[in-house]
Amino acid sequence: MPELPEAERARQQIARVVGREIVAVDDSDTYVCRPHAPGEIAQALLGRRLTAAHRRGKFLWAETDDGGPDLGLHLGMAGRIAVDEDPAPNRWDRFVLEFAGGGRMALRDKRRLGRAVIEPDFSHVGPDAAEVSRDMFRARVGRGSLALKAKLLDQGVIAGVGNLLADETLWRARLSPRRIAGELDQDELDHLRRQLRAATRDAIREGGVHTGRFVQARGRGGTCPRCGTGLDRATIGGRTTYWCPRCQPS
DNA sequence: AGCATTGTTTCACA
DNA sequence: TTGTGAAACAATGC
């Protein structure tokens with residue numbers, strides 16, 4: 001599930017525990033907490049408080065008090081942040097903070113592709129897809145020979161777009177996922193950015209990328225919500241991609 | 001049984 | 001340097 005809209009909801013959850021004293025840390029999942037050894041994150045956080053919750057694309061991090069280290073979190077393919085909920089039954093809470101007074105925050109992740117790390121490095125992460133300026137978007141997205149879909153999925157170009165949001169955005173913008181990024185003109189790039197922002201804003205408001213009109217129609221045998229044409233399907237940028245061949249001509 | 005899956009990283013290679 | 005594709009990661013669901 002998690003793309004930028006889900007990550008933003010997760011950030012809001014993290015913000016709820018800002019100011020609470022951390023009295024226990026479960027960092028025993030060595031895969032989710034890699035490369036840290038068990039207890040390393042605990043030692044860095046025990047007794048501290050989170051002071052702010054931030055997000056860039058799908059990457060989350062929280063500042064800590066007294067010059068403590070940042071705590072980086074990523075939801076991976078199936079994670080979410082559970083605040084003050086009962087512990088998950090099947091050890092799906094991969095990383096947990098417990099607070100004075102009994103509350104808790106868990107990275108709840110059926111798979112284990114989420115991450116929890118101290119002092120995260122975002123040097124290779126592009127600007128947030130919902131915040132990127134028009135000029136920055138033109139310069140970063142509108143170059144190179146990659147297919148447009150692959151370009152949007154590259155977190156180093158712009159951060160936050162996943163497979164579903166990419167398809168939703170391209171459908172809204174009436175652009176083929178196969179178009180070459182560097183061949184779009186300025187008007188097309190500006191239009192694409194507008195549609196990306198709109199699709200992202202709608203998804204955050206409606207509760208996730210799954211609420212998108214196109215995402216709901218997306219799938220084997222799906223038809224275009226606008227014109228009823230059967231959707232095309234192919235692997236682009238390593239991900240299964242759907243598009244309307246009529247609305248989004250190559 | 002086999003295949004697919006919303007994410008990221010790494011690697012071999014062109 | 002830039003780009004491509006595949007594999008790996010882990011686990012679940014159809």
Side-chain angles (χ1 to χ4, degrees), chain A residues 1-11 28-36 55-61 72-81 88-95 107-117 120-126 128-129 139-171 177-183 196 199-200 202-204 206-222 231 233-243:
Chain A
M1 276 182 54
E3 299 190 28
L4 190 155
E6 288 76 16
E8 173 56 22
R9 298 208 138 208
R11 190 196 64 77
S28 57
D29 190 315
T30 54
Y31 186 73
V32 168
C33 297
R34 71 189 183 283
H36 300 295
R55 177 188 61 74
R56 187 151 125 218
K58 307 168 196 170
F59 295 87
L60 299 157
W61 75 99
L73 294 169
H74 195 289
L75 302 176
M77 191 108 80
R80 69 184 187 89
I81 299 294
N90 293 321
R91 325 193 107 211
W92 288 337
D93 289 344
R94 311 294 185 179
F95 176 79
L107 170 59
R108 187 161 295 181
D109 184 11
K110 281 190 183 182
R111 318 209 173 136
R112 291 162 69 199
L113 296 175
R115 285 295 287 278
V117 65
D121 174 21
F122 299 134
S123 58
H124 298 300
V125 179
D128 187 87
R140 293 184 151 260
V141 177
R143 62 184 297 274
S145 57
L146 272 177
L148 198 44
K149 166 80 181 260
K151 199 77 173 176
L152 291 176
L153 290 178
D154 187 339
Q155 305 300 301
V157 175
I158 52 169
V161 180
N163 199 31
L164 301 180
L165 186 58
D167 281 3
E168 176 78 24
T169 296
L170 289 169
W171 175 76
R178 290 200 150 122
R179 290 282 301 280
I180 302 305
E183 293 179 357
L196 173 56
T200 304
D202 289 352
I204 292 173
E206 301 295 327
V209 287
H210 279 96
T211 60
R213 271 183 85 195
F214 185 76
V215 171
Q216 295 191 340
R218 204 185 101 105
R220 66 279 174 241
L231 301 181
R233 171 197 157 130
T235 297
I236 305 175
R239 320 291 303 192
T240 301
T241 301
Y242 291 89
W243 73 97

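Reminder, nothing fancy here: chain letters follow the sequence lines and each chain counts from 1. All values derive from a computational prediction rather than experimental measurement.
- In this structure, A:Arg239 does not reach the B:dA4 phosphate: none of its side-chain N or O atoms is under 4.0 Å from OP1 or OP2.
- To the nearest angstrom, P of B:dA4 lies 14 Å from CG of A:Asn163.
- A straight line from NE2 of A:His124 to P of B:dT9 spans 9 Å, rounded to a whole angstrom.
- Here the P atom of nucleotide B:dT8 and the CD atom of A:Glu6 are 12 Å apart, to the nearest Å.
- Regarding contacts with the backbone of B:dT8, every side-chain N or O of A:Arg115 stays at 4.0 angstrom or more from both OP1 and OP2.
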Sequence-aligned protein contact record of nucleotides 9-14 of chain C, with B where the base is within under 4.0 Å of a protein heavy atom and S where only the sugar-phosphate is: BBBBS-

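- Rounded to a whole Å, the CZ atom of A:Phe122 is 15 Å from the C1' atom of B:dT9.
- Across all strands shown, A:Gly238 has no heavy atoms under 4.0 Å from either base or sugar-phosphate atoms.
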Pairing pattern in dot-bracket form [Watson-Crick, G-U; both distances under 3.5 Å; | = partner strand] for DNA chain B: .||||.||||||||

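- The side chain of A:Ser145 places no N or O atom within less than 4.0 Å of a non-bridging phosphate oxygen (OP1 or OP2) of C:dT2.
- Contact annotation: A:Gln155 reaches the phosphate of B:dT8 (side-chain N/O to OP1 or OP2, under 4.0 Å).
- Comparing the C1' positions of C:dC9 and B:dA1 gives a spacing of 22 Å, expressed to the nearest Å.
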